[in-house]
Amino acid sequence: MITTHNITKSFGSLQVLKGIDLHIDRGEVVSIVGPSGAGKTTLLQIIGTLDRPDAGSVCVDNIDTTTLSQTALADFRNRHLGFVFQFHQLLPEFTAMENIMIPAYIAGVSQKQARERAQELLKFMQLTDRATHKPAELSGGEKQRIAVARALVNNPAVILADEPSGSLDTHNKQELHQLFFDLRDRFGQTFVIVTHDEELATLTDRTIHLRDGIIEQPLSEAPTEEPAEEPAEAPTAL
């Protein structure tokens, strides 16, 4: 589904990614964790075609995105990828329904089809009664679920999320985490999630640890050594 080979990326003299080899299977929910400055968001942006690597290749859904023109990239991004950010990035002048439908309009979907798909997602999110509300009238958890619905409206193969629960309280955070797995089971998307949230990372199918621009390989547990047997005491002479 997603394969990167020897991805490098620098900003000026600072090398942020130092040869990333990665494979993510279709339908996996994968978390990327690591300290600030490790390169997590940069890697997510390169997988999501929002930035280009200095070297290496990125294949998503059997397409090498590093070979596409800017126009082809924009079309690929709209049809194959969905994005969820820490802050919902909903357009304040539009209703929840309209926010969800916008990517479908960009893809050339008819208004009728876009509305039907948005209604399906609103029902799944249990937000049908909030369809005509604007973002200012929604709670933080509702806004983020609308943002997830927007990411799903074109039925993309991959959902990329950058700290999606970072601005939510504990209750809404737990609901959002469960939602990702429910969506994978219902619609079959692959999820790649950058997070500092240890609870979310432990729930995902696999966790990728990034540090100083490289993927850390988990240390295998060293075998426990058997304690040496104490030498038998010599018999006491009578």
Side-chain angles (χ1 to χ4, degrees), residues 1-4 24-30 41 44-52 58-128 130-135 138 142-165 176 179-194:
M1 164 53 64
I2 301 172
T3 302
T4 73
I24 297 171
D25 290 326
R26 187 179 300 276
E28 267 197 296
V29 179
V30 173
T41 294
L44 195 75
Q45 289 176 340
I46 288 174
I47 293 173
T49 74
L50 297 172
D51 200 357
R52 289 186 182 270
V58 181
C59 288
V60 180
D61 215 9
N62 296 318
I63 297 173
D64 185 349
T65 62
T66 53
T67 66
L68 300 178
S69 67
Q70 288 295 341
T71 301
L73 267 181
D75 182 67
F76 176 87
R77 192 182 306 125
N78 177 253
R79 295 177 184 277
H80 294 265
L81 305 175
F83 297 89
V84 181
F85 304 99
Q86 179 174 353
F87 301 102
H88 48 80
Q89 307 294 347
L90 299 178
L91 297 178
E93 65 271 28
F94 294 106
T95 66
M97 172 78 78
E98 291 165 344
N99 267 282
I100 295 170
M101 293 168 66
I102 287 171
Y105 287 150
I106 294 172
V109 174
S110 71
Q111 183 175 3
K112 180 177 181 293
Q113 289 176 308
R115 183 170 294 276
E116 287 175 352
R117 174 63 170 162
Q119 287 171 337
E120 176 190 11
L121 291 167
L122 281 166
K123 183 177 180 180
F124 185 83
M125 303 286 178
Q126 299 182 347
L127 290 174
T128 302
R130 312 299 275 169
T132 60
H133 289 66
K134 293 186 177 180
L138 302 173
E142 289 170 341
K143 290 174 187 176
Q144 198 61 308
R145 280 186 283 162
I146 294 298
V148 173
R150 178 184 59 191
L152 288 162
V153 72
N154 287 336
N155 198 30
V158 179
I159 301 294
L160 303 169
D162 192 358
E163 298 289 357
S165 57
L176 182 68
L179 176 63
F180 291 145
F181 294 93
D182 293 343
L183 288 167
R184 186 266 303 273
D185 295 341
R186 172 71 179 272
F187 299 111
Q189 270 88 13
T190 302
F191 282 80
V192 184
I193 307 167
V194 164

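The first residue in the sequence is number 1, and the count goes up from there. Hydrogens, waters and symmetry mates are skipped; everything else that's a heavy atom, side chains included, is used.
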Whether Gln189 side chain and Leu81 backbone form a donor-acceptor pair below 3.5 Å:
no
So does Glu93 have more than 12 non-hydrogen atoms from other groups sitting under 6.0 Å from CD?
yes
Note: Pro156 and Leu152 closest approach over all heavy atoms is CD-O, 3.7 Å
Between Asp162 and Gln45, is there a side-chain donor-acceptor contact under 3.5 Å, judged purely by atom types and distance?
no
His80 backbone acceptor or donor facing Asn154 side chain under 3.5 Å
no
Atom of Ala114, atom of Tyr105 and distance for their closest heavy-atom approach:
CB-CE2, 4.2 Å
Exactly one of Val58, Ile63, Asn62 should register a side-chain contact (heavy atoms from CB on, under 4.5 Å) with Val60. Which one does?
Val58
Would a 4.5 Å heavy-atom cut-off, applied to side chains only, mark Pro135 and Phe94 as touching?
no
Where do Val158 and Asp61 land on the side-chain contact (heavy atoms from CB on, under 4.5 Å) test, with the steps shown first?
CA-CA 9 Å; Val158 179; Asp61 215 9; over 6 Å; no
Does any non-hydrogen side-chain atom of Leu183 lie less than 4.5 Å from one of Met125?
yes
So Ile193 and Val29, do their side chains get closer than 4.5 Å, heavy atoms only?
yes
Donor on one side chain, acceptor on other, Thr190 and Arg26, under 3.5 Å
no
If we only count heavy atoms from C-beta on, is the Arg115 to Met101 side-chain gap below 4.5 Å?
yes
Do Ile159 and Phe83 pass the side-chain contact (heavy atoms from CB on, under 4.5 Å) test, and can you show the C-alpha distance, the side-chain angles, and the key distance before you say yes or no?
CA-CA 6 Å; Ile159 301 294; Phe83 297 89; over 6 Å; no
Quick one: does Arg77's side chain have a donor or acceptor within less than 3.5 Å of a partner on Thr49's backbone?
yes
Please step through side-chain contact (heavy atoms from CB on, under 4.5 Å) for the pair Leu127 and Glu142, ending with a clear verdict.
CA-CA 8 Å; Leu127 290 174; Glu142 289 170 341; 3.8 Å; yes
Any donor-acceptor pair under 3.5 Å from Arg130 side chain to Ala96 backbone
no
Any chance you could measure Glu98, atom CD, to Ile146, atom CD1, to the nearest 0.5 Å?
11.5 Å
How far does CZ of Arg150 sit from CZ of Arg145, to the nearest 0.5 angstrom?
15.0 Å
Could you check Arg186 against Asp182 for salt bridge (charged side-chain N to carboxylate O under 4.0 Å, His left out), going step by step and ending with a plain yes or no?
CA-CA 6 Å; Arg186 172 71 179 272; Asp182 293 343; over 6 Å; no
Nearest-0.5 Å distance that lies between atom CG in Asp51 and atom OG1 in Thr41:
11.5 Å
Could you check whether atom CD of Glu116 has more than 12 heavy atoms from other residues, nucleotides or ligands sitting under 6.0 Å from it?
yes
Over all atoms of both residues, closest heavy-atom pair of Leu44 and Ala161:
CD2-O, 3.6 Å
Of all heavy-atom pairs linking Gly48 and Leu160, the shortest is CA-CD1, 3.3 Å
Within this structure, what is the CE-OG1 distance for the pair Met97 and Thr132, rounded to the nearest 0.5 Å?
8.5 Å
So which heavy atom on Val153 is nearest to which on Ala104, and how close?
CG1-N, 4.0 Å
What do the steps show when you test Val84 against Gln144 for side-chain contact (heavy atoms from CB on, under 4.5 Å), and what is the final call?
CA-CA 8 Å; Val84 181; Gln144 198 61 308; 4.1 Å; yes
Gap between atom CG of Leu138 and atom OG1 of Thr95 - 0.5 Å precision:
9.5 Å
Taking every heavy atom of Thr67 against every heavy atom of Asp64, the minimum-distance pair comes out as OG1-O, 2.8 Å
If you take the centroid of each ring, where Trp contributes its six-membered ring, are Phe181 and Phe191 closer together than 6.0 Å?
no
Asp25 CG to Ile2 CD1 distance, which is reported to the nearest 0.5 Å
10.0 Å
Validation row: Ile46, Arg52 side chains within 4.5 angstrom (heavy atoms):
no
Keeping Asn99 on the side-chain end and Leu90 on the backbone end, is there a donor-acceptor pair under 3.5 Å?
no
Test the Arg117-Phe187 pair against the cation-pi criterion, namely NZ or CZ under 6.0 angstrom from the six-membered ring centroid and within 45° of the ring axis.
yes
